[in-house]
2 protein chains.
Amino acid sequence: MSPVKRTVLWVLALGFFVVAGSTAQEPAAAGEYPGLETGKMWTFDVPPLEYWARRYNFRPSQAWLDHARLAAARLGGCTASFVSADGLVMTNNHCARGCIAAVSRQGEDLLGNGFYATTRAEERTCPGGFVEQLREITDVTDQVSAAVPAGTPANRAADLRAEAIRGIEQRCRGTQTDVTCQVVTMYRGGQYKLYRFRRFTDVRLVFAPEVSMAFWGGDPDNFTYPRHDLDVTFYRVYVNGQPAQMDVFYRWSRNGSREGDLVFVVGNPGSTGRLNTLSVLEYLRDVQYPATLDAFARQIAVYTALGQMSPERTAALRNTLFGIQNSQKATQGYLAGLVDPQLMARKTAWERDFRNRVNANPELRQRYGSAWDNIARIRGQMRAVDVPRRYHSFGAYGTRLLSLAGAIVRYPAEMAKADSSRLPAFRDANRQRTEGALYATAPIDTTQEIRMLAAYFTAMARELPANDPVRRQALGTQSPEDAVRAMVRASQILTGDQRRTLVQGGASAIAASTDPFVALARVIDPLERAIATQWTAYLNEEAQNDEFIARALLAVFGNTVAPDATFSLRISDGEVRRYPSNGTQAQPYTTFYGLYDRAYGFNLQEPWNLTPRWLAARSRLDLATPFNAVSTNDIIGGNSGSPVINRDGEIVGLIFDGNIEAQPMRFLFSEAVGRSVWVDSRGLVEALRRVYDADALANELTRGN
Amino acid sequence: MSPVKRTVLWVLALGFFVVAGSTAQEPAAAGEYPGLETGKMWTFDVPPLEYWARRYNFRPSQAWLDHARLAAARLGGCTASFVSADGLVMTNNHCARGCIAAVSRQGEDLLGNGFYATTRAEERTCPGGFVEQLREITDVTDQVSAAVPAGTPANRAADLRAEAIRGIEQRCRGTQTDVTCQVVTMYRGGQYKLYRFRRFTDVRLVFAPEVSMAFWGGDPDNFTYPRHDLDVTFYRVYVNGQPAQMDVFYRWSRNGSREGDLVFVVGNPGSTGRLNTLSVLEYLRDVQYPATLDAFARQIAVYTALGQMSPERTAALRNTLFGIQNSQKATQGYLAGLVDPQLMARKTAWERDFRNRVNANPELRQRYGSAWDNIARIRGQMRAVDVPRRYHSFGAYGTRLLSLAGAIVRYPAEMAKADSSRLPAFRDANRQRTEGALYATAPIDTTQEIRMLAAYFTAMARELPANDPVRRQALGTQSPEDAVRAMVRASQILTGDQRRTLVQGGASAIAASTDPFVALARVIDPLERAIATQWTAYLNEEAQNDEFIARALLAVFGNTVAPDATFSLRISDGEVRRYPSNGTQAQPYTTFYGLYDRAYGFNLQEPWNLTPRWLAARSRLDLATPFNAVSTNDIIGGNSGSPVINRDGEIVGLIFDGNIEAQPMRFLFSEAVGRSVWVDSRGLVEALRRVYDADALANELTRGN
């Protein structure tokens with residue numbers, strides 16, 4: 001703060017600082033490397049060797065790449081890596097919570113207290129666990145394309161393609177039990193690649209910290225940085241009852257990283273939409289995300305009001321509320337990119353340039369030139385049905401009666417069909433779950449039901465025209481709240497027994513039911529089916545045009561642009577880098593000092609409390625050890641548990657999150673302020689040794705066996 | 001980061017978090033306490049007792065208020081407080097840099113290394129130092145108003161008012177040497193208050209930390225939080241060569257504060273603009289700040305480019321560049337509030353309500369009802385001359401030749417006038433400085449001159465019409481860069497000797513000069529004078545209307561709304577409070593842990609390096625001690641050095657900054673995310689004892705003598 005006057009010589013005005021905006025550099029994407037418009041999630045069969053050489057003076061050998069690929073692994077929804085010759089596997093704690101809970105025994109709380117198997121005999125088998133190692137990538141684009149004759153209508157083409165892919169996968173797997181095969185759609189159908197995995201299915205838990213330290217700072221700190229999480233868990237894979245002997249695994253870096261170092265993240269990013277055309281992004285920006293955020297806001301308001309009714313409700317709704325707020329935060333993050341004029345202007349310029357290049361080539365123009373306009377037209381059609389689609393459905397998240405009524409109304413019609421023709425919920429494989437929900441004996445919380453439905457009906461009344469049949473049936477001339485109260489009061493499907501009797505009465509009983517929710521569901525049923533069919537047709541037609549654009553992209557740029565994420569193995573380059581944040585710079589590394597600072601800064605209040613083990617370890621830890629770090633690698637959900645490796649292919653970190661500024665990168669890549677967030681390899685080992693007395697595990701990491 | 005698939009039971013999707021926006025509460029200003037629209041900078045003669053009682057259940061006695069007032073102090077541009085019976089005074093290090101530099105002796109670097117007088121004999125006298133204690137406040141509104149008959153034209157009224165104020169101040173001071181008297185304009189002329197101070201002029205330096213620890217994190221961290229600064233300096237005031245014996249001083253709190261505690265800041269906020277009408281804010285938003293930011297960006301671009309020419313230039317320009325970036329950051333902060341739709345909507349609603357109340361009262365309506373529209377009209381007139389005003393002037397910041405030419409052209413005309421009629425730079429009091437600059441022998445840096453002027457002329461060519469006389473003289477048909485190069489090449493005022501000769505040649509020589517800068521200055525001179533006269537008239541007319549609005553405000557709301565800051569003593573209430581930041585919550589306190597975290601997180605790079613004393617003290621400090629803290633008190637530049645006191649009037653902290661979110665509060669008050677930032681009293685004493693071995697000083701603070 002500057003003093004305001006300078007009346008006396010010895011008082012100086014101060015207050016200089018670096019401006020956030022002016023130091024937010026875009027070192028690559030927009031300028032020097034235009035191929036980075038779609039990001040840096042490179043595939044191992046098409047590594048961007050020239051780009052790496054030019055940008056980092058780094059040109060890895062094929063052996064380096066093979067090693068980086070084979071030492072990485074995929075879990076359900078996450079990434080992992082092999083980190084010792086004896087089959088040790090490293091991933092995030094938040095990817096392993098299911099296993100940790102499952103192997104907990106009576107009276108144990110391994111999630112809460114952590115776990116360490118000091119001997120191999122103590123390692124516990126994760127039920128249903130698996131780890132997949134990518135062995136081979138084969139281009140099967142021609143095989144898939146051959147299955148779809150030119151000119152096939154979009155819906156039919158989708159079926160034929162799916163069938164061809166199933167066949168390729170089945171032939172690849174054959175009768176091998178330790179092999180998984182998956183055809184990965186790249187560039188939205190521009191290419192198809194067959195990924196063949198070795199599958200380890202004997203997975204045992206070796207180590208997990210307390211969940212509160214793995215997810216430290218909890219919900220508030222999630223998706224942010226500076227951060228202080230020990231988000232790690234170790235497994236060991238076994239083969240024939242013995243620890244798997246791994247020829248290939250990542251060694252532990254002796255010195256860790258420094259700011260400015262080139263680092264790679266090897267992992268399985270789940271989904272990005274960077275090849276989306278402008279019209280799709282505008283649809284998300286103008287229609288889909290605002291509607292989604294509106295629904296979130298409605299739900300949060302209702303749950304918050306319910307929570308204020310009693311401490312019990314507060315406790316019961318806490319996780320639900322956090323879950324919605326989580327989704328709200330993520331959606332706000334995506335939207336933040338789409339409303340950023342600079343990011344959208346860059347995207348606009350890029351698409352214009354791309355289209356100009358396509359149109360400059362008569363053949364490309366003839367084949368693909370109309371795809372952008374087609375998609376814009378389709379999105380226009382989707383906009384037109386967006387509102388009815390949201391309300392011609394069986395109801396809002398957080399309510400039960402209308403969705404139960406929907407299941408009742410549809411039950412006889414669906415059950416009369418062949419299994420494969422039914423809606424998924426009514427297929428034999430899911431029938432038990434569906435009927436379990438339908439006939440559940442748990443009472444309906446009518447207080448919540450009334451409030452949530454009233455909020456939903458209020459939105460409906462605002463958005464649907466007065467003559468809409470669903471609105472008319474639901475509200476008539478009543479206020480939303482009166483309508484809902486009357487419906488609940490008159491309902492005859494409030495108990496599982498009532499619902500079972502009604503379903504068992506068959507189509508005629510259901511058609512004759514005077515339950516107001518069943519009556520409303522009867523109106524919705526045909527409307528919902530019609531819109532769903534139409535919607536699928538839109539999506540299939542758009543997919544066909546997406547494929548045209550992808551082919552055009554490959555024709556114009558070749559493989560120099562990375563495909564969108566598809567939860568398949570990628571390697572992404574980046575550098576350890578501070579970034580402008582909060583008016584200053586975010587530090588490239590946090591240390592254990594930072595953990596204790598934030599803990600005591602909040603007076604040890606949850607979720608910034610410390611476990612007894614960490615309180616006791618304060619004096620033993622080298623507090624200046626790097627704990628978490630940030631880099632410019634390109635990651636997204638699915639990369640959780642990814643190794644961060646250096647030029648020598650050694651572990652320097654473990655990805656567990658992205659910062660809040662990285663959320664818009666789902667659609668618009670940028671290196672300015674979005675960062676990957678990881679556990680530093682040095683902090684990880686320091687914690688194992690000084691907090692958990694896990695020297696054997698630490699030694700296995702640092703020695704490699 | 002959520003995993004993307006849930007194919008296996010034991011992988012759970014995580015990633016909950018609290019949403020920043022949804023937890024950003026506006027606990028008071030907009031809702032419960034509408035009187036807070038103009039903030040919380042209360043005067044001691046009109047304490048908001050009812051509001052404090054209602055909001056905090058706190059009703060201080062007059063004795064409490066007198067004590068809080070008398071223990072506070074004012075320095076040039078800053079605030080301070082008396083903190084022992086022996087005249088110890090606490091303020092910020094950044095308010096004391098001038099003194100510390102001035103008392104440094106040959107071979108000493110007290111700014112860099114810090115200072116501690118272990119005995120009173122070692123305390124060093126600050127040349128020109130003073131400390132002012134507010135003894136009395138008297139309402140002199142009637143006296144000032146009586147000096148300006150109703151209907152006096154604006155310019156004349158301004159002169160009469162200034163004369164009346166000078167008289168009141170002189171009569172108050174009389175012949176006393178230890179008294180200062182100042183008439184403070186409150187509510188922009190709605191009230192005038194006479195502030196009488198006791199003035200201590202023997203001020204000695206007792207303690208200062210190393211400037212790098214007092215301003216830790218330097219320019220980047222300035223104006224931000226979380227923060228880790230020991231921004232403190234202690235003086236002692238002496239009377240008759242002995243430490244002043246103080247009846248009244250703040251005692252040191254034994255336990256410090258906790259989150260949620262009510263705390264008061266007593267200090268001298270410099271300037272706010274919360275009574276500005278909407279049309280003024282719109283002018284700042286649309287005209288003034290964009291132009292200012294444009295000029296900053298231009299200067300930064302030129303200095304950055306110059307800096308890249310050589311390491312010497314980089315070093316020479318470093319502080320200049322930081323200074324501009326500082327101003328840029330502050331201006332961006334102010335603008336951020338003005339472009340915030342929510343804040344502006346609240347202001348709009350508030351002004352509409354205020355005007356409705358005025359118009360509902362016939363007398364008020366008749367007297368004041370047109371003031372808002374008058375100001376809007378004046379601002380419209382100001383908009384119309386804004387562009388010529390910026391270019392019909394003697395040039396851009398960072399250039400010399402055009403401003404020297406301006407001084408040359410004006411010299412004879414100004415010197416021919418009576419002293420009091422001259423432009424300030426030419427009055428006898430300033431003449432030596434002006435001539436020193438005019439005849440300086442230091443060479444003109446023509447490289448910088450050309451670049452800076454070219455950037456300025458480029459902006460001029462973009463903004464001024466082609467037929468503008470200044471543009472025509474400056475550019476003709478040339479490009480800006482060509483024009484500037486030609487002007488510099490042809491210049492005859494490049495040396496001090498050339499300029500002296502020209503000035504000594506008198507009006508005729510100057511009129512005949514073919515120097516291109518002098519020629520341009522001759523064109524600018526009359527235009528600049530005309531616009532300046534017009535501008536002053538606008539401001540005086542606006543001031544008159546401001547006064548009408550202020551009187552209306554007092555008539556409608558009474559003293560329940562606080563006046564704008566005027567660098568006079570105020571007391572502001574607040575609470576220690578975390579706030580939503582960066583997607584999570586900013587901690588209410590930082591600790592010494594945080595200092596070391598950020599230092600090691602940046603690998604001890606400047607400005608996050610630690611002095612040897614702090615590196616050595618790591619193991620001695622209780623690292624969990626609160627170091628800095630945030631609260632919702634209402635402060636601004638000038639509050640630097642203000643005490644933060646608790647309900648018992650005891651010191652719990654020392655204000656030194658506001659966070660980046662507080663910048664928009666210059667115009668639009670809000671408690672949502674803007675925070676005062678202070679040194680915690682506990683961290684201060686811990687550092688004195690453990691880092692500086694200053695137990696005697698620490699004891700004087702904690703014991704009060």
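In what follows, chains are A, B, ... by sequence order, proteins preceding strands, each numbered from 1. No experiment lies behind these values; they were computed from the predicted model shown.
- With a 4.5 angstrom heavy-atom cutoff, A/Leu595 does not touch chain B via any of its atoms.
- By the 30° and 60° cut-offs, the orientation of the rings of B/Trp678 relative to B/Tyr589 is perpendicular.
- At least one donor-acceptor pair under 3.5 Å links the side chain of B/Lys329 to the backbone N or O of B/Asn222.
- At a 4.5 Å heavy-atom cutoff, B/Asn92 makes no contact with chain A through either its backbone or its side chain.
- When heavy atoms are compared at a cutoff of 4.5 Å, A/Asn659 does not approach chain B at all.
- Counting heavy-atom pairs closer than 4.5 Å to chain A, the top residue among B/Glu259, B/Glu661, B/Arg598, B/Arg258 is B/Arg598.
- Looking at B/Ala586, only its backbone comes within 4.5 Å of chain A, counting heavy atoms on both sides.
- Only the backbone of A/Tyr225 comes within less than 4.5 Å of a heavy atom of chain B; no side-chain atom from C-beta onward does.
- A salt bridge links B/Asp657 with B/Arg227: the distance from a Lys NZ or Arg NE/NH1/NH2 to an Asp or Glu carboxylate oxygen falls below 4.0 Å.
- Neither the backbone nor the side chain of B/Gln663 comes within contact range of chain A, judged by heavy atoms closer than 4.5 Å.
- For A/Pro588, the parts lying under 4.5 angstrom from a heavy atom of chain B are both the backbone and the side chain.
- Expressed to the nearest 0.5 Å, how far SG of B/Cys78 lies from CG of B/Leu75 amounts to 6.0 Å.
- Between the side chain of B/Thr272 and the main chain of B/Ala565, a donor-acceptor pair closer than 3.5 Å is present.
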Q: Any chance you could lay out the side-chain hydrogen bond (donor to acceptor under 3.5 Å, both in side chains) test for A/Arg618 and B/Tyr593, step after step, and finish with the verdict?
A: CA-CA 11 Å; A/Arg618 270 209 282 173; B/Tyr593 279 123; 2.4 Å; yes
